[in-house]
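Below, chain A is the first sequence line, B the second, and so on; all start at residue 1. This one's a predicted model, so the numbers in the text were calculated from it and none came from an experiment.
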Amino acid sequence: MYMEESQSRDFIRQVIDEDNKTGKYDGRVHTRFPPEPNGYLHIGSAKAIWVNYGIAHEYGGKFNLRFDDTNPIAEEKEFIDAIVEDVKWLGADFEDRLLYSSDYFQQMYDYAIDLIKKGKAYVCDLSAEEMKEYRGDYTTPGRNSPSRERPVEESLDLFVRMKTGEFPDGSKTLRAKIDMAHPNMNMRDPPMYRILHATHPHTGDEWCIYPIYDWAHGLEDSIEGITHSLCSIEFENHRLLYDWFLDELDIYHPQQIEFARMNVSFTVMSKRYLKELVEGDHVNGWDDPRMPTIAGMRRRGYTPTSIREFCNRAGIAKKPNTIAFELLEACVRDDLNKIAPRFMGVLDPLKVVITNFPEGDSEVLEAINNPEDPDAGTRTIPFTRELFIERTDFMEEPFKKFYRLAPGREVRFRYAYFVTCNEVIKDDNGEVVELRCTIDPATKGGDSPDGRKVKGTIHWVSADHAVDAEVMLYDRLFTVEDPMGHPDKPFTEFLNPDSLKALGHCKVEPAIADLPKGAGFQFERTGYFNIDKDSAPDKLVLNRTVPLRDSWARIQKGR
RNA sequence: AGUCCCGUGGUGUAGCGGUUAUCAUGCUUGCCUUUGGAGCAAGCGACAGCGGUUCAAAUCCGCUCGGGACUACCA
């Protein structure tokens with residue numbers, strides 16, 4: 001099955017096209033995403049998921065989710081559950097193929113026995129430290145282990161006893177017998193099994209020897225019938241070993257293809273550093289909305305569509321890359337613009353009294369829910385004598401390009417009336433505390449029958465009806481594009497002190513209170529928001545996903 | 001230092017011997033507008049360098065320079 005040939009093809013798709021042409025895998029395409037359950041997935045993982053799933057889906061193939069759970073020391077059930085949730089949420093459909101490497105432990109063990117019998121693997125008595133020393137380095141060849149010429153029968157016996165738990169952790173390993181002088185360090189008799197008396201999150205205490213990645217990974221791919229094993233570039237040097245094991249075993253041989261992992265500017269992308277942020281209390285957990293984790297982005301209000309689109313636009317190549325954070329923002333805005341219902345919300349309220357509107361009266365106005373989507377319909381919003389507008393929408397002494405409210409000036413209150421500011425009331429400190437305004441009753445709905453134009457339109461809420469909300473404003477987590485690019489300083493030094501700003505007394509349309517947790521919407525003229533998971537009916541908490549594209553900020557800057 | 005990989009606008013990407021060098025993002029300007037949103041239009045901005053092959057090179061070859069990965073019983 002071929003996709004539109006006109007579409008540009010990344011190098012991986014080109015390889016698959018070629019394989020399909022030659023019939024290498026009988027036209028099958030089967031990929032996998034193999035996370036280790038030792039942390040939460042991040043946007044970089046999302047890229048890997050989307051490349052693997054996207055390709056399988058495109059070619060009418062299959063996609064497996066497989067936990068690469070070969071190291072019980074680092075892995076936890078919490079992470080397994082979180083990863084499954086994230087992958088599903090992203091929309092990468094693995095059907096019934098939620099798999100575990102640990103389910104193949106017996107088969108891998110049998111393969112290891114095979115290899116020992118073939119004289120291609122041996123049990124080694126060297127300690128970790130000794131092994132390192134024997135390995136040599138980039139320029140000097142390694143030395144053979146004293147165990148290297150151990151008879152096959154002896155290795156076989158020792159390996160079985162390793163499995164039955166006879167030996168303490170670290171006392172022995174099973175190693176492939178390749179070449180201690182190989183220029184590729186991975187080929188210098190790499191260990192295949194280590195002894196680890198640890199409880200495994202999936203297999204419990206069944207095993208006390210665990211396979212090492214290089215040995216396990218190709219086997220997992222082979223067992224599952226994977227065709228194209230897509231991984232990141234740091235495994236390039238491991239491909240030789242991947243191929244070696246499969247060839248020596250003479251079993252089904254998938255093809256490993258490497259592509260560059262994705263970085264995003266103004267954040268960090270490795271599980272290790274994300275863990276440091278969580279454990280060092282620099283953020284409030286793995287799902288902190290400032291985190292580049294999928295859980296964090298979901299909580300912040302990013303949609304699966306926007307993340308997928310981001311991955312698509314980022315592309316696939318082998319060059320180290322850093323994608324602009326702005327692209328991520330552009331992608332969410334694109335999606336949310338189409339689907340997010342509009343509301344009005346005032347972040348920094350300034351009271352407005354409409355002096356020609358009767359006290360105690362209220363009126364119902366109609367507003368469009370989403371100008372991009374006619375099917376979204378309309379809603380009603382209450383208008384009363386006392387309103388709140390955004391403090392930044394009023395200026396006592398406006399400069400030339402300020403189109404909003406000012407003394408004596410008329411603007412439109414969205415979906416309501418043309419409103420003129422007649423009087424500015426200040427407190428003892430000279431701070432503006434209230435505006436006295438009048439409406440033109442003929443402009444109800446926002447249009448003037450006489451064709452009179454008004455420069456600005458501002459949002460507002462009825463003071464009597466508005467609901468209080470706490471609004472979380474997020475900014476980039478770091479102040480520099482590449483927090484890791486400064487080897488002399490820890491990346492935490494570049495944490496942005498203003499990455500979270502909580503606004504306490506925002507006034508929002510009452511309808512917001514009825515929205516379910518996680519629901520995303522737009523506050524007109526302000527940005528996209530959603531209902532936080534910690535929100536409650538009597539204490540609304542909103543997250544700002546991303547501000548609207550702000551050409552106003554540029555005008556202000558150019559003043 | 002050795003092995004392997006990679007260099008196209010600020011960023012990311014297309015290109016597969018002949019193109020005004022693609023698209024997106026970004027930035028600039030204009031139009032439009034009941035969101036200073038969205039939309040529309042125009043513009044800015046790149047083949048790392050040097051040699052070679054060829055009628056013709058971003059594309060093929062060589063060298064130089066630059067970037068990345070690798071010395072875990074992690075993945």
Polar contact flag, side-chain donor to acceptor under 3.5 angstrom, Gln522(A)-Glu524(A): no
Closest to side chain of Leu327(A), choosing from A38(B), A24(B), G26(B): A24(B)
Test salt bridge (Lys or Arg N to Asp or Glu O under 4.0 Å) applied to Asp373(A) and Lys338(A), step by step: CA-CA 7 Å; Asp373(A) 176 15; Lys338(A) 287 183 220 128; over 6 Å; no
Sugar-phosphate only, base, or nothing, as touched by Phe325(A) at under 4.0 Å among non-hydrogen atoms: nothing
Residues Glu390(A), Arg525(A): salt bridge by 4.0 Å N-O rule: no
Check: Trp215(A) ring centroid to Phe245(A) ring centroid under 6.0 Å: yes
Position toward the 5' end of RNA chain B (nearest nucleotide), Ala314(A) or Gly456(A): Ala314(A)
Contact nearer the 5' end of RNA chain B, comparing Ile323(A) with Leu548(A): Ile323(A)
Listed nucleotide nearest any side-chain atom of Asn321(A), set U13(B), C73(B), C27(B): U13(B)
Nearest listed nucleotide, side chain of Ala324(A), among G12(B), U3(B), U11(B): U11(B)
Between G39(B) and U25(B) - P atom distance, rounded Å: 9 Å
Rounded C1' spacing from U22(B) to G45(B) in Å: 14 Å
Touch class at under 4.0 angstrom, heavy-atom based, for Ser127(A) against every strand present: base
Polar side-chain contact Arg333(A)-G37(B) base: donor and acceptor under 3.5 Å: no
Spacing of OH belonging to Tyr242(A) relative to CZ belonging to Phe235(A), to within rounding of 0.5 Å: 11.5 Å
Pairwise distance CH2(Trp50(A)) to CD1(Ile43(A)) - rounded to 0.5 angstrom: 12.0 Å
Span that lies between the C1' atom of G49(B) and that of G7(B), in whole angstrom: 12 Å
U29(B) to A48(B) separation - C1' atoms, rounded to the nearest Å: 32 Å
Sugar-phosphate, base or nothing in reach of Arg175(A), heavy atoms under 4.0 Å: nothing
Side-chain donor-acceptor contact under 3.5 Å, Thr380(A) with Glu366(A): no
Touch class at under 4.0 angstrom, heavy-atom based, for Pro211(A) against every strand present: sugar-phosphate
Any strand: nucleotide that pairs with G26(B) via Watson-Crick or wobble, under 3.5 Å: C44(B)
Met269(A) CE - G12(B) P separation (whole Å): 14 Å
Separation between CD1 of Ile178(A) and CE of Met180(A), rounded to the nearest 0.5 Å: 10.5 Å
Rounded distance in Å - CH2 (Trp207(A)) to P (C73(B)): 21 Å
Any-strand Watson-Crick or G-U partner of G18(B), both distances under 3.5 Å: C55(B)
Among G26(B), G36(B), A38(B), the nucleotide that comes nearest once only the side chain of Glu326(A) is considered: G26(B)
Gap in Å between the two P atoms, one belonging to A58(B) and one to G2(B), rounded: 32 Å
Touch class at under 4.0 angstrom, heavy-atom based, for Ala317(A) against every strand present: sugar-phosphate
Integer angstrom distance from the C1' of A57(B) to that of C50(B): 15 Å
Derivation and outcome, side chain to side chain contact (heavy atoms under 4.5 Å, CB included), residues Ile55(A) and Leu230(A): CA-CA 10 Å; Ile55(A) 285 177; Leu230(A) 313 179; 3.9 Å; yes
Nearest-angstrom distance from the residue atom CG of Asn38(A) to P of A72(B): 19 Å
Nucleotide nearest Asn71(A) (side chain, heavy atoms from C-beta), chosen from A75(B), G26(B), C73(B): A75(B)
Base U35(B) paired with Arg342(A) side chain (donor-acceptor, <3.5 Å): yes
Touch class at under 4.0 angstrom, heavy-atom based, for Met192(A) against every strand present: nothing
Nearest-Å distance once atom C1' is located in both G10(B) and G17(B): 30 Å
Proximity to the side chain of Arg414(A) - top-ranked nucleotide from A75(B), U35(B), A38(B): U35(B)
Sugar-phosphate, base or nothing in reach of Thr70(A), heavy atoms under 4.0 Å: sugar-phosphate
Whole-Å C1' distance, C23(B) and A46(B): 14 Å
Shortest side-chain distance from Gln14(A), nucleotide among U35(B), G2(B), C16(B): C16(B)
No-H, no-angle donor-acceptor pair, Glu372(A) side chain to G37(B) base, under 3.5 Å: yes
Sugar-phosphate, base or nothing in reach of Ala128(A), heavy atoms under 4.0 Å: base
Whole-Å gap separating P (U33(B)) and CG (Asp447(A)): 12 Å
Pair partner, A38(B) [Watson-Crick or wobble, under 3.5 Å]: none
Ring centroid separation Phe523(A) to Phe529(A) under 6.0 Å: yes
Nucleotides 66-71 of chain B: protein proximity per nucleotide (B base, S sugar-phosphate only, - neither; heavy atom, under 4.0 Å): --SBBB
Residues Phe159(A), Tyr109(A); criterion ring pair (Phe, Tyr, Trp, His ring centres under 6.0 Å); working and verdict: CA-CA 10 Å; Phe159(A) 186 51; Tyr109(A) 176 80; 5.0 Å; yes
Nearest listed nucleotide, side chain of Arg549(A), among G36(B), C73(B), C27(B): C27(B)
Glu509(A) CD to Phe343(A) CZ distance, which is reported to the nearest 0.5 Å: 6.0 Å
Counterpart base for U3(B), defined by Watson-Crick or G-U wobble contacts under 3.5 Å: A69(B)
G-U wobble or Watson-Crick pairing nucleotide for A75(B) (cut-off 3.5 Å, both distances): none
Given A14(B), U35(B), C73(B), the nucleotide with the shortest approach to the side chain of Thr173(A): C73(B)
Out of G36(B), A14(B), A75(B), whichever nucleotide has its closest atom nearest the side chain of Asp10(A): A14(B)
Touch class at under 4.0 angstrom, heavy-atom based, for Pro35(A) against every strand present: nothing
Rounded interatomic separation in angstrom, taking CG from Asp550(A) and C1' from U35(B): 12 Å
Sugar-phosphate, base or nothing in reach of Asp169(A), heavy atoms under 4.0 Å: nothing
Touch class at under 4.0 angstrom, heavy-atom based, for Ile316(A) against every strand present: sugar-phosphate
Identified pairing partner of C32(B), criterion: Watson-Crick or G-U wobble below 3.5 Å: none
